[in-house]
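To start, the structure itself, in structure tokens.
Predicted model, so just to flag it, every value in this text is computed and none were measured.
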Amino acid sequence: MSNPLLSLNYEFAIQALGGDYYDEVLAAEFPQHILRFRNDKLLPKIGLTPEDVKDEHFIEAFGKFHCVGPFLALRYHGYQFGEYNPYLGDGRGFLYGQVRGVNGELYDFGTKGSGRTPYSRSADGRLTLKGGVREVLAAEMLHRHGVRTSRCFSLIETGEGLWRGDEPSPTRSSVMVRFSSSHIRFGTFERLYFFKRPDLTKKLLDHVIDYYYSELKEQSDSYFLFYSELVKRVAKLVAQWMAAGFCHGVLNTDNMSITGESFDYGPYAFIPTYDPKFTAAYFDYSGLYRYSHQPLVCKSNLHLLQDALAAVIDRENMRASLDEFDDVYLLEYRKLMINRLGFEQLPETDAEKLLQLTIKLLESSQVGYHDFFLGLRKEFSLHWRDDINQIFADFEQSELIEPWRQYYYHLLQTYSNDELKAMAERLKQYNPQQSLIRPIIESVWEPITVEDNWQPFYDLLKQICE
């Protein structure tokens, strides 16, 4: 029986660009292959049905790395914590292949933990099993929140012991395959600028527009329009993170996709409570990438990208486009937060006041960020419109919630029963049943570590979708 994953109609879009953008590499050979996760929800996107794809097919393609084309370790640089690093590139992964989805869009299969490449330096090119588990969970949680994100296609335990940091014993290893729109990064362009290759910049930009901004191809000012659209995509993406309470671990330019999609989260975290200073990465000593800084950092990364694109796009036009970032971000963030509060839309004045009251309540009360929205989902009632005292009746800090309660009650007064029922459904849509704060992740990792019990992990994935 042929392997459906190997029988896909792979395209060689990146390879067609030529060897200036990648190095051909080999995959590592692993002593063991245990499929721990397969994302059946993604299979229909590439025209496959879960019943036709067996576990051994995943292992053959994405553990033993049988292939239909060369594996490409992509070249890139990047600004890391504000310092330019010219020694980057795919150090523990490669582009496995590219396939066209049933929607006509091109998707990447990209590996993580698949072995050493020319960019591994002193590292082993491997991925810890916990790192793989964490990325699977993050991708599914972000997807549930409506965030534009890459997702994990498969996770295979590989049977090697990895030594990390000061750990007294080796940790388990894995190889992951990521399903994303593209692995071209801001840093891919920054590398070309570093080597003073405007010809390769133009060639890459033409490729990006052809495949990922095809609606702009026939426009005479397609390069400028590309940057303008990228600004909007990134502004909306970071608004999605902020509304979801997501803190990216390392917002370096090599971790930012040219398509405006989340990937490479690093030591991410979902905020337990509303804390603007919350920082996900333990090594981010200055708090550069803290929760409240994410919009500013993303805007700054877009500004840095202008240097790399200036050989092709007029810098003044790019500056004008970037000036729109704040407005796009604020409109999207306010809209998403209003949705999480149950409203489809509100007049701007009402929306802004409710948003500010909500943030003030979350920050002053330090109620769980997820708990607040889940409580709203569970407790919301048609009776809230008629009796203000029923709105979060059991909220412990009554004096802190009172201004919010008064305004929320005020906004409900003009709503019909049908509109209130629609609000209840909207609250279910935008507020997941499950959170992914660190203790939740640890609660599923411990059974894996202690007794190789994966059921809590699978249960959590199921709860995330609810």
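Open room surrounds CD on E83; 12 or fewer heavy atoms of other groups in view lie less than 6.0 Å from it. Crowding of Q455 atom CD: a count of heavy atoms from other residues, nucleotides or ligands under 6.0 Å exceeding 12. For CD of Q463, the number of neighbouring non-hydrogen atoms (other residues, nucleotides, ligands) closer than 6.0 Å is greater than 12.
No hydrogens or angles considered: nothing links the side chains of Y329 and K299 as a donor-acceptor pair under 3.5 Å. Using a 3.5 Å distance cut-off with no hydrogens or angles, the side chains of E352 and Q356 do pair a donor with an acceptor. In this model, a donor atom of one side chain and an acceptor atom of the other lie less than 3.5 Å apart for E140 and N39. Under 3.5 Å, the side chains of Y84 and H77 contain a donor-acceptor pair of N or O atoms. In this model, a donor atom of one side chain and an acceptor atom of the other lie less than 3.5 Å apart for Y265 and T149.
Using a 4.0 Å cut-off between a side-chain N of Lys or Arg and a carboxylate O of Asp or Glu, R100 and E105 do not qualify as a salt bridge. A salt bridge links D40 with R38; the closest basic N to acidic carboxylate O contact falls under 4.0 Å. A salt bridge is defined here as a Lys NZ or Arg NE, NH1 or NH2 lying under 4.0 Å from an Asp or Glu carboxylate O, and E442 with K130 meets this definition. Under 4.0 Å is where a charged nitrogen must lie from a carboxylate oxygen, and between E402 and R405 at least one such pair does. Using a 4.0 Å cut-off between a side-chain N of Lys or Arg and a carboxylate O of Asp or Glu, R36 and E157 qualify as a salt bridge. Between K217 and D206, no side-chain nitrogen of the basic residue sits less than 4.0 Å from a carboxylate oxygen of the acidic one, so the salt-bridge criterion is not met. Salt bridge annotation for K428-E466: absent, with no cationic side-chain nitrogen under 4.0 angstrom from a carboxylate oxygen.
The side chain to side chain donor-acceptor pair (under 3.5 Å) test with H183 singles out one residue from T188, T259, D264, D108, and that residue is D108.
Note that CZ of R426 is 14.5 Å distant from NZ of K421, once rounded to the nearest 0.5 Å. Put simply, OG1 on T253 and CD on E190 are 3.5 Å apart, with the number rounded to the nearest 0.5 Å. Put simply, OG1 on T111 and CG on D90 are 7.5 Å apart, with the number rounded to the nearest 0.5 Å.
Ring-plane geometry between F392 and W404 is classed as tilted, the angle between the planes lying from 30 to 60 degrees on a 0 to 90 degree scale.
Y268 carries R134 over the face of its six-membered ring, with the cationic atom under 6.0 Å from the centre and within 45° of the normal. Taking the centre and axis of the six-membered ring of Y76, the NZ or CZ atom of R191 falls outside the cone set by 45° and 6.0 Å.
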Under 3.5 Å, which donor-acceptor pairs do the side chains of residues 273-282 form with other protein atoms, sequence neighbours left out?
| residue | atom | partner | partner atom | Å |
| --- | --- | --- | --- | --- |
| T273 | OG1 | Q366 | OE1 | 2.6 |
| D275 | OD1 | K277 | N | 3.0 |
| T279 | OG1 | K277 | O | 3.1 |

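Put simply, the side chain of N301 reaches to within 4.5 Å of the side chain of F186, judged on heavy atoms.
Applying the salt bridge (charged side-chain N to carboxylate O under 4.0 Å, His left out) rule to pairs touching residues 356-379 yields nothing, sequence neighbours excluded.
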